[in-house]
Amino acid sequence: MLHFYNTLTRQQEHFTPGEIIRFYTCGPTVYDYAHIGNFRAYVFEDLLQRHLEARGNTVNRVMNLTDVDDKTIRGARREGMLLQEYTARYKKAFFEDCDALRLRPATSYPAATDPENIAAMIAMIQTLVEKGHAYQAEDHSVYFRIASFPRYGQLAHVDLDAQRSSKRIKNDEYTKEEIADFALWKAWNQEDDAASWESPWGPGRPGWHIECSAMATRLLGDTIDIHCGGVDNMFPHHEAEIAQCECVSGRTFARLWMHCAHLMVDGMKMAKSAGNFYTVRDLMKRSWSGREIRYVLLSVHYRMPLNFTMEGLEAARHSLYRIDEWIRRLEEFIQHAADSAPIIKKETCFTTLEDFFIALDDDLNISAALAVLFDVIRESHRLLDQEILSHNEAMALLDWWHRVDSILAITPDSHPKEIPKNVQQLVSLRYKARAAKNWIESDRLRDAIKAHGWIIKDTKNEQKLLPQESNS
RNA sequence: GGCGAGGUAGCCAAGUGGUAAGGCUGGGCUCUGCAAAAGCCCCAUUCGUCGGUUCGAUUCCGACCCUCGCCUCCA
């Protein structure tokens, strides 16, 4: 039974999936490399999708790409590039980073500037204007009339009347009926350069919120099952999406809203000025691998603030090695051990395997799920040590692991690195040295091999070579 | 000021009205010529503080302290 915390109701609710789960996730604004805070949200969404799929559901997930807004226009201008060229660069980078973090691709990645999306946005705005939910102001921009949608503020539990009287908000936009009214269509101005589309209200570009509303409903229908994002998108972005969609369709926009908490770095908000601002590629340059970054982002419950540190990455690395070693040992056991090992009662061991998935059913309780994994790892080592694990049981464990890893996606890359010739030579030299019990030479060669990026593990009758973790 | 999240061992982090999962670090041991990114074992009388309810609270209630986030376009 799936159970998720719904931001809308502030409660855990049963989630009953339909035939296809319609899932919308707010994607990046492609004006720069996405940072690990952004990716925390995407990893959380990936975990959710993978778990839903592991539970046998079909997920139709849409992630938008915001490729026109103030920042993209400014960036293109600064670099003297066309907007499309500029955003193409960061779209490409975004997908590279997604691959590095092993994010499952969404079903589609609509971009705001796709003609069919611009058309959908204009159609929505038109309907809103016709129904009296929107108006064109003196500056030629079109705004959503908050006063026409009493439920506005419901998701974030924001009381707009209180906001209105707040001193913090300066009424410096005189053209809007109310300060909180937000732009649906922004009239063109000089600084927009070529970022302009024709509309019934004159040339201009879409507002941010209408993008998501139009793309979500165009691709997934009026009512979607799950809508995710970071907490900071709750207000006003998601609030605005609800207002727009529900005023157009008259139906509930999203049944379930899920928001992940912020990521912090070294206990502080990540900021370029604080020098603690990381992109995925920054970390990979420092030789952290995608799966290590993924593990850190994955291993803290999504509704808890995540404190990202180098120590955390280090811990992730060691945890992953331990998992690697366990898989390696199981595989080796299956290969080498004939089915002569004594059969023990299967049922008495590993009764907790399903608990991994049951933990995730409970609002993605990843900590409890990982605890199951590590318990199983320890227990199977014990049984292997005692030589009472059966061949069949080892196969069953490996099978289980494949199901688990279809969610976690943390196995090392399946293509082992080619061992360079010079390293192979050093290894064979070391073999001879060891046969002659020349330990000084053996140790020297071990260091030499390590300098080439390979770690040696001596076992009873062979030298095992393992690549030091690098970008993978 | 308004709204919200959180304070559990050196660090990260689950959880429950009945006496504290898991990971990392550390210590011990096994293996090893020595090693190791190997394996096993051990490591919180205690869950921010102070009261209350209770046979019993880390878990429920109240107050207080601290940290963090959002409050109009930052995931």
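Chain letters run A, B, ... following the sequence lines, proteins first and then strands; every chain starts at 1.
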Strictly under 3.5 Å: I want the nitrogen or oxygen pairs between protein and nucleotides 21-25 of chain B, one per line.
| unit_1 | atom_1 | unit_2 | atom_2 | d |
| --- | --- | --- | --- | --- |
| B/G23 | OP1 | A/Arg322 | NH1 | 3.1 |
| B/G23 | OP1 | A/Arg322 | NH2 | 3.4 |
| B/G23 | OP1 | A/Arg378 | NH2 | 3.0 |
| B/G23 | O2' | A/Ser319 | OG | 2.4 |
| B/C24 | OP2 | A/Arg322 | NH1 | 3.3 |
| B/U25 | OP1 | A/His318 | ND1 | 3.4 |

Q.
Is it the case that the ring center of A/His140 lies less than 6.0 angstrom away from the ring center of A/Trp201?
A. no
Q. How would you label the contact of A/Ile366 with the nucleic acid (heavy atoms, under 4.0 Å): base, sugar-phosphate, or nothing?
A. nothing
Q | Under the ring pair (Phe, Tyr, Trp, His ring centres under 6.0 Å) test, residues paired with A/His3 that sit two or more places apart | A | A/His14
Q) Between A/Asn307 and A/Pro236, who's closer to the 5' end of RNA chain B by nearest nucleotide? A) A/Asn307
**Q.** Whole-angstrom distance between B/G23 and B/C40, as gauged at atom P
**A.** 9 Å
**Q.** Cation-pi check, A/Arg303 onto A/Tyr5 ring (under 6.0 Å, within 45° of axis)
**A.** yes
**Q.** Euclidean distance, atom CD of residue A/Glu239 to atom P of B/C71 [Å, nearest integer]
**A.** 13 Å
Q: Answer yes or no: are there more than 12 heavy-atom neighbours, outside A/Lys464 itself, under 6.0 Å from its atom NZ?
A: yes
(Q) Regarding A/Gly312, tell me which of base, sugar-phosphate or nothing describes its non-hydrogen contacts under 4.0 Å with the strands shown. (A) nothing
Q) How far apart are the closest heavy atoms of A/Asp67 and A/Thr87, and which atoms are they? A) O-CG2, 3.5 Å
Q: Identify the nucleotide, in any strand shown, that forms a Watson-Crick or G-U wobble pair with B/U58, with both distances under 3.5 Å; if there is none, say none.
A: none
What protein N or O atoms touch nucleotides 31-35 of chain B N or O atoms at under 3.5 angstrom, if any, and at what distances?
| unit_1 | atom_1 | unit_2 | atom_2 | d |
| --- | --- | --- | --- | --- |
| B/G33 | O6 | A/Arg434 | NH1 | 2.6 |
| B/G33 | O6 | A/Ser442 | OG | 3.3 |
| B/G33 | N1 | A/Asp443 | OD1 | 2.9 |
| B/G33 | N2 | A/Asp443 | OD2 | 2.8 |
| B/C34 | O2 | A/Arg446 | NH2 | 2.8 |
| B/C34 | N3 | A/Arg446 | NH1 | 3.0 |
| B/C34 | N3 | A/Arg446 | NH2 | 3.4 |
| B/C34 | N4 | A/Asp458 | OD2 | 3.0 |
| B/A35 | N6 | A/Asp458 | O | 2.7 |
| B/A35 | N1 | A/Asp458 | N | 2.8 |
| B/A35 | N3 | A/Arg446 | NH1 | 3.1 |

**Q.** Pair assignment for B/U19, Watson-Crick or G-U wobble, requiring both distances under 3.5 Å
**A.** none
Write out a two-atom table: protein N or O, nucleotide N or O from nucleotides 66-70 of chain B, distance below 3.5 Å.
| unit_1 | atom_1 | unit_2 | atom_2 | d |
| --- | --- | --- | --- | --- |
| B/G69 | O2' | A/His262 | ND1 | 3.4 |
| B/C70 | OP1 | A/Lys269 | NZ | 2.5 |

Q. If you draw a 6.0 Å radius around CD in A/Gln386, do more than 12 non-hydrogen atoms from other residues or ligands fall strictly inside?
A. yes
Q) So which nucleotide from B/C74, B/A37, B/A14 ends up closest to the side chain of A/Ile455? A) B/A37
Q. Which base sits across from B/U46 as a Watson-Crick or G-U pair, both distances under 3.5 Å?
A. none
(Q) When you measure from the side-chain N and O atoms of A/Asn38 to the phosphate of B/C74, is any distance below 4.0 Å, counting only OP1 and OP2? (A) no
Q: Would you indicate what A/Asp69 reaches in the nucleic acid, counting non-hydrogen atoms under 4.0 angstrom: base, sugar-phosphate, or nothing?
A: nothing
Q: Looking only at non-hydrogen atoms, find the nearest pair between A/Glu292 and A/Ser287 and report the distance.
A: OE1-O, 4.3 Å
(Q) Which nucleotide, if any, forms a Watson-Crick or G-U wobble pair with B/C70, using both distances under 3.5 Å? (A) B/G2
Q: Step through it carefully: locate the ring centre of A/Tyr90, locate the ring centre of A/Tyr33, and say whether they are under 6.0 Å apart.
A: yes
Q. More 5' along RNA chain B: A/Lys450 or A/Arg303, using each one's nearest nucleotide?
A. A/Arg303
Q) Under 4.0 Å: is that the gap between some side-chain N or O of A/Arg328 and OP1 or OP2 of B/A38? A) no
Q: For the pair A/Arg430 and A/Asp458, find out whether any cationic side-chain nitrogen is under 4.0 Å from an anionic carboxylate oxygen.
A: yes
Q: Provide the distance between the two P atoms, one in B/C61 and one in B/U54, to the nearest whole Å.
A: 16 Å
Q. Is there a Watson-Crick or G-U wobble partner for B/A9 with both distances under 3.5 Å, and if so, which one is it?
A. none
Q: Mind checking ring pair (Phe, Tyr, Trp, His ring centres under 6.0 Å) for A/Phe94 and listing every partner two or more places apart, or none if nothing turns up?
A: A/Phe39, A/Tyr42
Q) What about the rings of A/Phe277 and A/His35, do their centers lie closer together than 6.0 Å? A) yes
Q | d(CE, A/Met304; P, B/G6) in whole Å | A | 6 Å
Q | Nucleotide forming a Watson-Crick or wobble pair with B/A38, both distances under 3.5 Å | A | B/U30
Q. Do other residues, nucleotides or ligands put more than 12 heavy atoms under 6.0 Å from the CZ atom of A/Phe95?
A. yes
Q: For A/Phe356, check ring pair (Phe, Tyr, Trp, His ring centres under 6.0 Å) against everything at least two apart and list the hits.
A: none
Q: Indicate, with a heavy-atom threshold strictly under 4.0 Å, whether A/His209 touches base, sugar-phosphate, or nothing.
A: nothing
